Visitor: 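Just dropping this structure here.
Nothing here was measured: the structure is a model prediction, and the numbers come from that model.
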Amino acid sequence: MSVNTNLAVYWGQNSYGATNPSDTANWQQPISYYCQDNTVDIIPVAFLDIFNTTGGLPSVNLANTCSTSSDGVFPGTQLPDCTFLAPDIQTCQNAGKIVTISLGGATGAASFADDAEGEAFAQIIWDIFLGGTSTTRPFGAAVLDGIDMDIEGGTQTGFTAFLTTLRQLMNSGSKPYYITAAPQCPYPDAYIGDTLNAVSFDAVFVQFYNNYCGLNNYDNTNDWNFATWDNWAKTVSPNPNVKVFIGAPASSSAAGSGYVDASTITTIIGQTSSEYTSFGGVMLWDMSQAHANNRYDISVKDALTGGGSVNPTTSMPVTSTTPVTTSVPAPSTTSPTTTSSITTAGTGSCAGVSSWESDVTYVGGNQVTYSGDLWTAKWWTYNDIPGGPAGVWVDEGACTTSYATPKISASGNGAQATFGIVPTIATHRP
């Protein structure tokens, strides 16, 4: 992941099928279907959505491909038996793709009670997905290449202990393993931000959609904040070589907001890659959406590499050879619709402070203007009106000058969502 031309595309949630249930021809295909050319480099499999369920093991939901509602489970667990996917995963790995398991999703039960629980979970993940051994390996003999943290709720208790222990196990393995995350673009991320500052990640797939800082606001310097994430990578992250990816919707139906056409994202990629050394590539949500949208993934890969990227893959050395005993950017589906752009107040106590916006996530200490007053957030908040019943804003008094008009969104939040299976379809936006 050290280069800046990588393309990561999530697979597993059949997002296009969820939004286009009658167009079955373009529903999600087996993972190996997407490994027949060199367009995609990294495939996070989405999702392991429950950390701890029956039998003390996690559960996986891969929409129309494998889930507890459509496939058998290992005895005494709620872990689907998806071992039929092993050859497909290995096909992708043999073609040089990095295949990981993505943990979380907007509706996922992804949390720990304490550090000890996190440390124990690291061993479970190592044994059932990575280089360990178990009789309950969902993907059979396929040894995945790492994990992705797509955490959209809950607390961060135990996350540092989990990832630190898992990294130690990875370092003892016989091949390289990777740890990535998919934070939302508002900085710092409310659900994984502290962990990003404490643990060495290889890459972050920042979701520049379903939020004010989305790709659709690239030309607004008050909104587009890749520079903030670049600064985090260089001055805050324990890994100074961590790569920052632009996370993008692969079609207009893949997210509530943030989608831009192929020509626009090509321009954004060119400008961002030339300006920021932390730039590592692009992440797309998701595979089914990209293929149904005139192979949007090819357009993105061409922008990353300068064109001519799509050729049939040739066989490469097997990346997963560890023997095992055998027996799964997301935020809400509807993003905010805004009615005005960000403006700032004039001089005085509110100078330079943006107006409150319902479609922005704020954290403790953030300041906004609203109804002529300056307000300070006590803690993380989303869509809570200053002075409203939630009580999350402190009124610092009247502004001494004019203030900006608040921007109101119609609905939605900044998260990615995993939907119920109807029929056997789930979708989530990382």
Visitor: Would Ser59 and Gln78 satisfy side chain to side chain donor-acceptor pair (under 3.5 Å), going step by step from the backbone distance to the final call?
Guide: CA-CA 6 Å; Ser59 188; Gln78 283 297 303; 5.6 Å; no
Visitor: Are any of the side-chain nitrogens in Arg137 or Asp127 under 4.0 Å away from the carboxylate oxygens of its partner?
Guide: no
Visitor: Can Asp148 and Ser102 be counted as having a side-chain donor-acceptor contact under 3.5 angstrom?
Guide: yes
Visitor: Only one of Lys243, Lys301, Lys97 passes salt bridge (Lys or Arg N to Asp or Glu O under 4.0 Å) with Asp41; say which it is.
Guide: Lys301
Visitor: Which heavy-atom pair separates Tyr34 from Ser288 by the least distance, and what is that distance?
Guide: OH-CA, 4.5 Å
Visitor: Does Lys175 reach the main-chain N or O of Val143 with its side chain, forming a donor-acceptor pair under 3.5 Å?
Guide: yes
Visitor: Side chains of Gln289 and Thr19, heavy atoms from C-beta outward: is any pair under 4.5 Å?
Guide: yes
Visitor: For the residue pair Val45 and Ile101, what are the closest heavy atoms and their distance?
Guide: O-CD1, 3.6 Å
Visitor: Side chains of Thr272 and Ile269, heavy atoms from C-beta outward: is any pair under 4.5 Å?
Guide: no
Visitor: Return yes if some donor-acceptor pair links the side-chain N/O of Ser70 with the main-chain N/O of Cys66 below 3.5 Å, else return no.
Guide: no
Visitor: Test your reading of the model: is there a side-chain donor-acceptor pair from Asp145 to the backbone of Val99, 3.5 Å cut-off?
Guide: yes
Visitor: Please test Ile192 against Phe159 for side-chain contact (heavy atoms from CB on, under 4.5 Å), starting from the C-alpha separation and ending with a verdict.
Guide: CA-CA 9 Å; Ile192 194 71; Phe159 283 179; 4.0 Å; yes
Visitor: Can you tell me if Thr264 uses its side chain to pair, donor with acceptor, with the backbone of Val260 under 3.5 Å?
Guide: no
Visitor: Do the side chain of Glu275 and the main chain of Ser273 share a donor and acceptor less than 3.5 angstrom apart?
Guide: no
Visitor: Taking OH in Tyr33 as the centre, count heavy atoms belonging to other residues, nucleotides or ligands within less than 6.0 Å. Is the count above 12?
Guide: no
Visitor: Once rounded to the nearest 0.5 Å, what's the spacing between atom CG of Leu103 and atom CD1 of Ile179?
Guide: 10.5 Å
Visitor: For a quick check under 3.5 Å, do Asn197 and Trp232 share a side-chain donor-acceptor pair by atom type?
Guide: yes
Visitor: Taking Gln28 for its side chain and Gly17 for its backbone only, find out whether a donor-acceptor pair lies under 3.5 Å.
Guide: no
Visitor: Is a donor from one side chain sitting under 3.5 angstrom from an acceptor on the other, for Gln123 and Thr165?
Guide: no
Visitor: Side chain of Asn294, backbone of Tyr296: donor and acceptor closer than 3.5 Å?
Guide: no
Visitor: Taking the six-membered ring for Trp, are Phe226 and Tyr187 ring centroids under 6.0 Å apart?
Guide: no
Visitor: Any side-chain heavy-atom pair from Glu119 and Gln168 closer than 4.5 angstrom?
Guide: no
Visitor: Check for a donor-acceptor pair, side chain of Asn217 on one end and backbone N or O of Cys213 on the other, with a separation under 3.5 Å.
Guide: no
Visitor: If we count only N and O atoms by modelled type, under 3.5 Å, do the side chains of Asp81 and Thr83 hold a donor and an acceptor together?
Guide: yes
Visitor: Would you call the rings of Phe162 and Phe112 parallel, tilted or perpendicular if under 30° counts as parallel and over 60° as perpendicular?
Guide: tilted
Visitor: Hey, do the aromatic rings of Trp224 and Phe208 have their centres closer than 6.0 Å?
Guide: yes
